[in-house]
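See below for the structure under consideration.
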Protein chains: 2
Amino acid sequence: MKNECIDCVCVIKSMHTLQNCQVEELEHNHAVVKFKKGNFIIRQGMFSTNVVFLRKGVAKIHIAGPYREQIVRLVKGPTYLGLPTTFGDKINQYSVTAVLDCEACFIDLNVFKAILDDNRNFSSFIIQALSKSELESYRRCANRTQKQARGNLADVLLDFSDHIFNSDEFFLPISQSDIGNWVDASRESINRILSEFISDDIIAMNGRKITIKNKSLLQLISQNG
Amino acid sequence: MKNECIDCVCVIKSMHTLQNCQVEELEHNHAVVKFKKGNFIIRQGMFSTNVVFLRKGVAKIHIAGPYREQIVRLVKGPTYLGLPTTFGDKINQYSVTAVLDCEACFIDLNVFKAILDDNRNFSSFIIQALSKSELESYRRCANRTQKQARGNLADVLLDFSDHIFNSDEFFLPISQSDIGNWVDASRESINRILSEFISDDIIAMNGRKITIKNKSLLQLISQNG
DNA sequence: ATTATTTTGTGATATGTGTCACATTATTTC
DNA sequence: GAAATAATGTGACACATATCACAAAATAAT
């Protein structure tokens, strides 16, 4: 358990000025928790005084919409999870659920803030992370609304392949209805398009195992709606 | 021109620790520029070493999508404009266009960063602003995708009335096609729904002047899709 | 003022996808 | 390992909205 924080990516990245005493303070004010897939890591509406750092695993961020839960993004550790939720309010503004087994580090908010105050590199690291994240949501917005289901599903598959699993062969971590919810399509549409992709020999499916067989065509579909 | 920065909302908010020398440094490293409606304030793809603070006016943030420009949000001064764009990259990642006459303050990025480093209150103010902004985009995402055109248009009208103009009577600052683009509907649909709202006596229109006549009904429509 | 351009208004039609319905697997759960 | 629950497959159909096609206003440009 020793030196856990030292190994944390975000700590490493701002190591040059994060003093040993600060690392130690982190060390004594955090708790590493494991989550099996399907479990909540952060729950909308709950009171919280922690910052959460996702060390390992994949999780979905979802928020209560007017009718149903809406998945807004999928994240992969290592990354901070609860920054936007934690800074505005002490009540969590969205939920995070593990879609694969996860390991998360809960840091006391006050300790986190104190280190943020003491350490300019750390705070600028956080500012950059938040900025990137917002940019990403702009891009997603532009993509999702302009493409139709085929293109968005292609995007999701490419995202899994390129960013989450770094392989052309992977197990779908979420159900088809979740994919549908995420890209704003019905479960049935996702299913139909997947079959279509299979019969067009773009992918192969074996249960939830997906093999991308024609990536360039998939990229084309992703681009052309 | 003196004491311009002192009057800036963001400066005021972090005044307790922003030292006079810092304000002065801001004072000497910024430029206030006026924009007529329709003009670019920030242009995607352009090199920039400034942080932009929108002092007055209303502007739209839009980003190049796969097919067309996509409006992602409307903002009203006073607010920072280019934070996400400026921190990741020196190339602007999206555009901002004045939809009403605007007044923006261009601050040198290095000066801004230096003050950020020196001033913990200021940087935590920025972190909070970014967090809020990201939260907002989650919420918008959940709303837009789950509601249909009527509900989204109702949202837009309420947003104008409640947040931008603070009045039940206002001039639409953007065209119907822009509204359509923003809420992911066609110009024609927006037009038809507006007519519907008029004949249902929910709003009145006189050119671009809108009068909300039945706000509670509008709120109902906003909630129920 | 007169032309050019952008916005708005409205029908007719096409179409992508949602919804419903039900059968068939997988996967939990006890 | 049986029962219960959740996740898939796939057809038939409905429907919200996009698209196309023009006409009429309203703005902007010369």
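Lettering of chains follows the sequences in order, A, B, ..., and the numbering in each one begins at 1. FYI, side chains are in, hydrogens and waters are out, and symmetry mates aren't considered; it's all heavy atoms of this structure.
Whole-Å rounding puts the B:K36 NZ to D:dA28 P distance at 11 Å. If you measure from atom CG of B:L194 to atom P of C:dT8, you get 9 Å, rounded to the nearest angstrom. The distance from atom CG of B:L172 to atom P of C:dT6 is 20 Å, rounded to the nearest whole Å. Atom CD1 of A:I198 is separated from atom P of D:dT8 by 12 Å (rounded to the nearest Å). Following rounding to the nearest Å, A:N181 (CG) and C:dT17 (C1') show an atom-to-atom distance of 16 Å. Taking atom NZ of A:K147 as the reference point, atom C1' of C:dG16 lies 17 Å away to the nearest angstrom. Separating the CD1 atom of B:I193 from the C1' atom of D:dA16 is a distance of 10 Å, rounded to the nearest angstrom. Atom-to-atom, CG of B:D184 to P of C:dG16 comes out at 16 Å; the value is rounded to the nearest Å.
A close approach under 4.0 Å does occur between a side-chain nitrogen or oxygen of B:N191 and OP1 or OP2 of C:dG9. Neither OP1 nor OP2 of C:dT8 sits under 4.0 Å from any side-chain N or O of B:R192. Between B:S177 and the phosphate of C:dT6, there is no side-chain N or O to OP1/OP2 separation shorter than 4.0 Å.
With C:dT7, D:dT10, C:dT10 as the choices, the nucleotide that has an atom nearest any side-chain atom of B:S195 turns out to be C:dT10. Side-chain proximity of A:S186 to the nucleotides C:dT19, D:dT19, D:dA7 is greatest for C:dT19. For B:S175, the side-chain atoms get nearest to C:dT7 when compared with the rest of C:dT7, D:dG9, D:dT17. The side chain of B:R187 lies closest to C:dT10, out of C:dT10, C:dT19, D:dT8. In this structure, of D:dA18, D:dT8, C:dT19, it is D:dA18 that holds the atom nearest to the side chain of B:A185. Distance from the side chain of A:Q148 is smallest for C:dT17 among the nucleotides C:dT17, D:dG9, C:dT8. You'll find that the side chain of B:E188 is closest to D:dT19, out of D:dT19, C:dG18, D:dT8.
Both A:G207 and B:I190 sit near DNA chain D, but only A:G207 has its closest nucleotide nearer the 5' end. Residue-to-nucleotide proximity on DNA chain D shows that, of A:M205 and B:K37, the 5′-proximal contact is made by A:M205.
Between the side chains of B:T49 and B:K90, not a single donor N or O lies within less than 3.5 Å of an accepting N or O. In summary, the side chains of B:N92 and B:Q44 do not present any donor paired with an acceptor at a separation below 3.5 Å, with no hydrogens or angles considered.
The cationic atom of B:R73 (NZ for Lys, CZ for Arg) does not lie both less than 6.0 Å from the six-membered ring centre of B:W182 and within 45° of the ring axis.
Atom NZ of A:K76 is surrounded by more than 12 heavy atoms from other residues, nucleotides or ligands within 6.0 Å.
Remark: A:K213 engages A:D201 in a salt bridge, criterion side-chain N to carboxylate O under 4.0 Å.
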